[in-house]
Number of protein chains: 4
Amino acid sequence: MSATTAYERLAATLRERIEAGEFQPAMPLPSEARLQEEHGVSRNTVRRAYRLLEDEGTIVIRHGAGAFVAQPDSDATA
Amino acid sequence: MSATTAYERLAATLRERIEAGEFQPAMPLPSEARLQEEHGVSRNTVRRAYRLLEDEGTIVIRHGAGAFVAQPDSDATA
Amino acid sequence: MSATTAYERLAATLRERIEAGEFQPAMPLPSEARLQEEHGVSRNTVRRAYRLLEDEGTIVIRHGAGAFVAQPDSDATA
Amino acid sequence: MSATTAYERLAATLRERIEAGEFQPAMPLPSEARLQEEHGVSRNTVRRAYRLLEDEGTIVIRHGAGAFVAQPDSDATA
DNA sequence: GTGGTCTAGACCACT
DNA sequence: GTGGTCTAGACCACC
C-alpha cells in the first residue's frame, strides 16, 4: 500500500477516489494542472500517475478533453 | 504599418523589440504564456504572431526551449 | 514509417540498428547519455524511445546496467 | 576541526560557505555533479557530505530541484 | 557510470 | 483550457 514513488502514491490516491465513486462517467477527473497544485508535484509526476491508471485500464485519457473513469466493456473485470 | 489583425500587430510589436536589440542571442523571447498575460490576447494569437515571425526568418522556435532571435547564416535574407 | 514525434523517430532508428544485428546479446545498447549527445535530444526523449522499445518487447532495460536486445523466450514472435 | 574522512571534510567546507552567507534562501547550493568536478571526488562522497548536512539540519534537499540552506523554523537547533 | 524519479517550464495539438 | 511532447538539469538507486 505504501508505494515508494510520488507518482505511485498519487495514482493510489486517485484510484481510491475513483473506487469510492467520486467521479461520474461523463465527469472528468481533476485536470493535470489542478492535481499539480493540489498535491504539490510537477506536471510530469501527475502525468505518470494518470498514465499508470490508464495502463491498468482504470481511466481513459482524451486529448484536449480530460481523464475519465473507464467504462466497463466486454473485457471489464468489474 | 498599422496591421489589420491582432496577431499581426503583436508580431509588429515583437519585431520592433527585436530590432531594438532587446534580446540577446541566447536569451529566449517572452514565453507564449507570458505574452498572453502581458497583451491580454489568446494563446492562438500569440502562436500566430510567433509563427509569422518564424516564417519570415526573424526568429527560431525551439520546441520545449523557447523562441530565439534568428542568427544570420548563409540563408539569411537580411 | 515517418513517425511524427522525436521519440518515435529515435525508437525507429534504434529498432533498425537492432534488426541489422548491430548489438550482441551481452552488449548493451548506447547509454541514455550517449544517445542524448548523438541525436541532440533531451534525456527524457531518449528514455521514451527506449521505453517504447521495451514495451513492445524489443529490448530489456536493467537499472544500473543498461539496455539490451531482448532474448527470445517462449513468447517470442521472431 | 580536521575531519578524518573525505565527505566530512567536504561537508565542513560547505558548512563554512553556508555560514559565510554565500547562498541565498532561494538559491540552490552547487549540484552534486558540480561539486564532483570542483573537488575531484566521487559522487558518493558528495552525496554523503550533503546527507550529513541534511541530517544535522543545515540544508534541505529537494528531489529534482537541489540543495538549499535550511530556513529556521520551530524545530531549528540554531 | 548506468538507469530511475523528479522539478520547472517551454512549445504543440486537440476540444 | 485540456492533454501531448520536449528541453534542461537536478537528486536517487543500482551495478
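Rounded to whole Å, the distance from OH on A:Y50 to P on E:dC6 is 17 Å. Protein atom CG of A:L10 is 14 Å distant from nucleotide atom C1' of E:dT5, rounded to whole Å. Distance, B:L35 CG to E:dA10 C1': 13 Å, rounded to whole Å. Rounded to whole angstrom, the span from the CD atom of B:E32 across to the P atom of F:dC6 amounts to 16 Å. Taking atom CD on C:Q36 and atom P on F:dG9, their separation rounds to 9 Å, with Å as the unit. Distance A:L29 CG to F:dT2 C1': 13 Å, rounded to the nearest Å. Following rounding to the nearest Å, C:F68 (CZ) and F:dC15 (P) show an atom-to-atom distance of 12 Å. In this structure, CZ of B:R34 is placed 10 Å from P of E:dA10, rounded to the nearest angstrom.
A:F23 does not carry A:R17 over the face of its six-membered ring by the limits of under 6.0 Å from the centre and within 45° of the normal.
A donor-acceptor contact closer than 3.5 angstrom is absent between the side chains of B:T58 and B:E54. In summary, the side chains of D:E8 and D:T5 do present a donor paired with an acceptor at a separation below 3.5 Å, with no hydrogens or angles considered.
For E:dC14, the paired nucleotide is F:dG1, the pair qualifying as Watson-Crick or G-U wobble because both relevant distances are below 3.5 Å. F:dT7 is paired with E:dA8 under the Watson-Crick or G-U wobble criterion, all donor-acceptor distances under 3.5 Å.
For the pair D:R34 and D:E38, the salt-bridge criterion is met [side-chain N within less than 4.0 Å of a carboxylate O].
Contact annotation for B:R62: backbone-only contact, meaning every heavy-atom pair under 4.0 Å involves sugar-phosphate atoms and none involves a base. In this structure, A:Y7 reaches the sugar-phosphate backbone alone: every heavy-atom distance under 4.0 Å involves primed, P, OP1 or OP2 atoms, never a base. Looking at heavy-atom distances under 4.0 Å, C:R43 makes contact with a base.
Using a distance-only test at 3.5 Å, with no hydrogens or angles considered, a donor-acceptor pair links the side chain of B:Q71 to the main chain of B:V69.
Map C:G66 and B:S31 each onto its nearest nucleotide of DNA chain E; the residue landing nearer the 5' end is C:G66. When each of C:I61 and A:T4 is assigned the nucleotide of DNA chain E bearing its nearest heavy atom, the one mapping closer to the 5' terminus is C:I61. Between C:G64 and D:P30, the residue whose closest nucleotide on DNA chain F is further toward the 5' end is D:P30.
Checking the phosphate oxygens (OP1, OP2) of F:dG4, no side-chain nitrogen or oxygen of C:T5 falls inside 4.0 Å. In this model, the phosphate group of E:dC12 is approached by a side-chain N or O of B:R47 to a distance below 4.0 Å at OP1 or OP2.
The base of E:dC11 is paired with the side chain of B:H63 by a donor and an acceptor separated by under 3.5 Å.
Distance from the side chain of C:A33 is smallest for E:dT2 among the nucleotides E:dC12, F:dG4, E:dT2.
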